[in-house]
Number of protein chains: 2
Amino acid sequence: MYTPKLEKDYRNPLEVGLAFLSGKWTTRIICALANEQPLRYKALKARASGVTDAVLAATLKDLTTHGIIQRQQFNEIPLRVEYRLTDKGTAALPMLKSICQWTQQYNDLAGQVRCGCGQDNCQFDLPTAQQHS
Amino acid sequence: MYTPKLEKDYRNPLEVGLAFLSGKWTTRIICALANEQPLRYKALKARASGVTDAVLAATLKDLTTHGIIQRQQFNEIPLRVEYRLTDKGTAALPMLKSICQWTQQYNDLAGQVRCGCGQDNCQFDLPTAQQHS
DNA sequence: CTGTATCCGGGAGGATACTG
DNA sequence: CAGTATCCTCCCGGATACAG
């Protein structure tokens with residue numbers, strides 16, 4: 001189990017918000033859930049390609065703790081767990097969108113970056129610049 | 001000098017944009033410049049209280065490289081350097097604002113976090129929740 | 001005054017093995 | 001199926017000393 005030693009030094013809400021999104025897999029999970037809900041653990045792992053169980057589980061727990069996603073467990077055999085965005089998580093989407101747009105508007109990223117979540121309608125999978133201009 | 005060994009794995013513009021803002025002092029410098037322009041090196045250091053020269057210089061160079069701030073050097077004795085936001089940097093402010101608002105709306109941060117930039121009119125110094133509701 | 005060079009610690013994130 | 005336990009690597013950010 002990981003427990004931080006040093007205290008964070010947040011000086012305004014902006015930094016707190018940024019900290020929520022700073023995890024390597026955080027936005028990828030939000031992205032996946034924004035396109036398809038609910039998703040099971042295994043489905044999330046497939047969409048966040050490259051993540052290991054240890055890191056995925058930690059990220060999901062973190063997002064759940066912060067109230068961005070919701071965990072629903074069904075005690076079946078085999079075990080089934082479904083994740084979906086909370087209202088807070090859904091409310092974050094326009095914010096993420098604005099970051100995405102700013103980046104595209106001021107950088108030449110044409111064709112260089114794709115979401116890779118595997119969903120054709122992924123709203124963060126925007127390969128061409130100025131798509132939203 | 002620091003040179004990264006592993007390549008970053010950006011999958012969409014969102015992650016690229018987030019990476020710009022991920023430095024510990026990045027938003028603090030943008031915040032300070034948003035309230036007062038131009039600012040000299042020493043003034044920036046005072047406003048981003050706690051930063052060391054090595055880290056401040058690295059952050060400024062990074063922001064300059066990414067076209068978010070502009071560096072103007074006057075070859076006087078003693079040396080004078082002024083920093084200000086570029087158009088790209090200014091365009092980032094609404095985006096930062098949206099992050100700030102989302103955080104405040106969905107978290108109880110009343111009185112807990114302040115910018116500390118020392119400017120009375122700092123637009124990121126928002127101590128009470130729902131200030132923008 | 002405005003930085004750079006160098007060294008260093010801590011922690012996020014990853015690999016692997018194992019479990020209810 | 002859906003995780004946890006443990007160990008480990010890599011690099012960001014900080015301290016200090018020094019330079020143009």
Side-chain angles (χ1 to χ4, degrees), chain A residues 1-11 15 18-29 32 38-66 69-84, chain B residues 1-11 15 18-29 32 38-66 69-84:
Chain A
M1 208 59 170
Y2 162 73
T3 47
K5 286 169 193 168
L6 293 179
E7 255 193 63
K8 297 290 182 185
D9 174 29
Y10 299 129
R11 303 191 182 180
E15 294 180 8
L18 239 23
F20 281 149
L21 308 170
S22 63
K24 180 168 180 179
W25 303 97
T26 313
T27 57
R28 294 171 186 179
I29 289 168
L39 282 176
R40 301 182 60 176
Y41 180 90
K42 199 166 189 180
L44 276 172
K45 187 175 179 182
R47 277 159 187 73
S49 62
V51 71
T52 59
D53 285 324
V55 175
L56 176 58
T59 305
L60 289 172
K61 187 176 286 184
D62 191 55
L63 284 171
T64 304
T65 300
H66 288 114
I69 63 173
Q70 191 179 16
R71 197 191 110 110
Q72 188 176 13
Q73 178 170 335
F74 300 88
N75 288 319
E76 308 168 350
I77 309 276
L79 187 59
R80 179 161 63 104
V81 178
E82 289 184 353
Y83 293 92
R84 66 197 77 211
Chain B
M1 207 58 171
Y2 163 72
T3 47
K5 286 169 195 168
L6 293 179
E7 256 193 61
K8 298 291 182 184
D9 174 30
Y10 300 128
R11 304 192 181 180
E15 293 180 10
L18 240 21
F20 282 149
L21 308 170
S22 64
K24 181 169 180 178
W25 303 95
T26 314
T27 57
R28 293 171 187 178
I29 289 168
L39 283 176
R40 302 181 58 175
Y41 180 89
K42 198 168 190 178
L44 275 172
K45 186 175 179 182
R47 277 159 187 73
S49 61
V51 73
T52 59
D53 284 325
V55 175
L56 176 58
T59 306
L60 289 173
K61 184 175 288 184
D62 191 55
L63 284 171
T64 305
T65 301
H66 287 114
I69 64 173
Q70 191 178 17
R71 197 192 111 110
Q72 188 175 13
Q73 178 170 333
F74 302 87
N75 287 317
E76 307 167 351
I77 308 276
L79 187 58
R80 180 162 62 103
V81 179
E82 290 183 352
Y83 292 94
R84 67 197 77 212

Tell me which nucleotide among [options] gets nearest to the side chain of [X].
| X | options | result |
| --- | --- | --- |
| A:Ala57 | C:dT2, D:dT4, C:dG20 | D:dT4 |
| A:Thr52 | C:dT4, D:dA15, C:dA15 | C:dA15 |
| A:Ala54 | C:dG3, D:dA15, C:dA15 | C:dA15 |
| A:Arg71 | C:dG3, D:dG3, D:dC1 | D:dG3 |
| B:Lys61 | C:dT4, D:dA2, C:dG14 | C:dT4 |
| B:Asp53 | D:dA2, C:dC1, C:dG3 | C:dG3 |

Distance (rounded to the nearest 0.5 Å) between [X] [atom1] and [Y] [atom2]:
| X | Y | atom1 | atom2 | result |
| --- | --- | --- | --- | --- |
| B:Trp25 | B:Leu60 | CH2 | CG | 12.0 Å |
| B:Glu82 | B:Gln73 | CD | CD | 11.5 Å |
| A:Leu18 | B:Thr27 | CG | OG1 | 6.0 Å |

query = Closest nucleotide of DNA chain C for B:Ala58 versus for A:Trp25: which of these residues is on the 5' side?
reply = B:Ala58

Can you tell me how far [atom2] of [N] sits from [atom1] of [X], to the nearest Å?
| X | N | atom1 | atom2 | value |
| --- | --- | --- | --- | --- |
| A:Ile29 | C:dG13 | CD1 | C1' | 13 Å |
| A:Lys45 | D:dA2 | NZ | C1' | 10 Å |
| A:Leu56 | C:dA15 | CG | P | 13 Å |
| A:Arg80 | D:dA2 | CZ | P | 9 Å |
| B:Lys8 | C:dG14 | NZ | C1' | 14 Å |
| A:Leu60 | D:dC1 | CG | P | 16 Å |
| A:Glu76 | D:dA2 | CD | P | 10 Å |
| B:Leu79 | D:dG20 | CG | P | 14 Å |

message = Applying a 4.0 Å non-hydrogen cut-off, can you work out what B:Tyr83 is touching in the nucleic acid: base, sugar-phosphate, or nothing?
response =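 The residue B:Tyr83 makes sugar-phosphate contact but no base contact.
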
task = Looking at every strand, decide which applies to A:Val55 at a 4.0 Å heavy-atom threshold: base, sugar-phosphate, or nothing.
result = base

key: Stepwise side chain to side chain contact (heavy atoms under 4.5 Å, CB included) test for A:Glu15 and B:Arg28   = CA-CA 9 Å; A:Glu15 294 180 8; B:Arg28 293 171 187 178; 2.7 Å; yes

request  = Compare every heavy atom of B:Val51 with every heavy atom of B:Lys45, then report the nearest pair and how far apart it is.
outcome  =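 Between these two residues, the closest heavy atoms are CE-O, 3.7 Å.
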
message = On DNA chain D, compare the nucleotides closest to B:Gly50 and A:Glu82; which residue's is nearer the 5' end?
response = A:Glu82

query = Counting just side-chain N and O atoms, does A:Arg40 come under 4.0 Å of either OP1 or OP2 of D:dA2?
reply = yes

task = Look at the side-chain N and O atoms of A:Lys24 and state whether any lies under 4.0 Å from the OP1 or OP2 oxygen of C:dG14.
result =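 For A:Lys24, the contact criterion (side-chain N or O under 4.0 Å from OP1 or OP2 of C:dG14) is met.
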
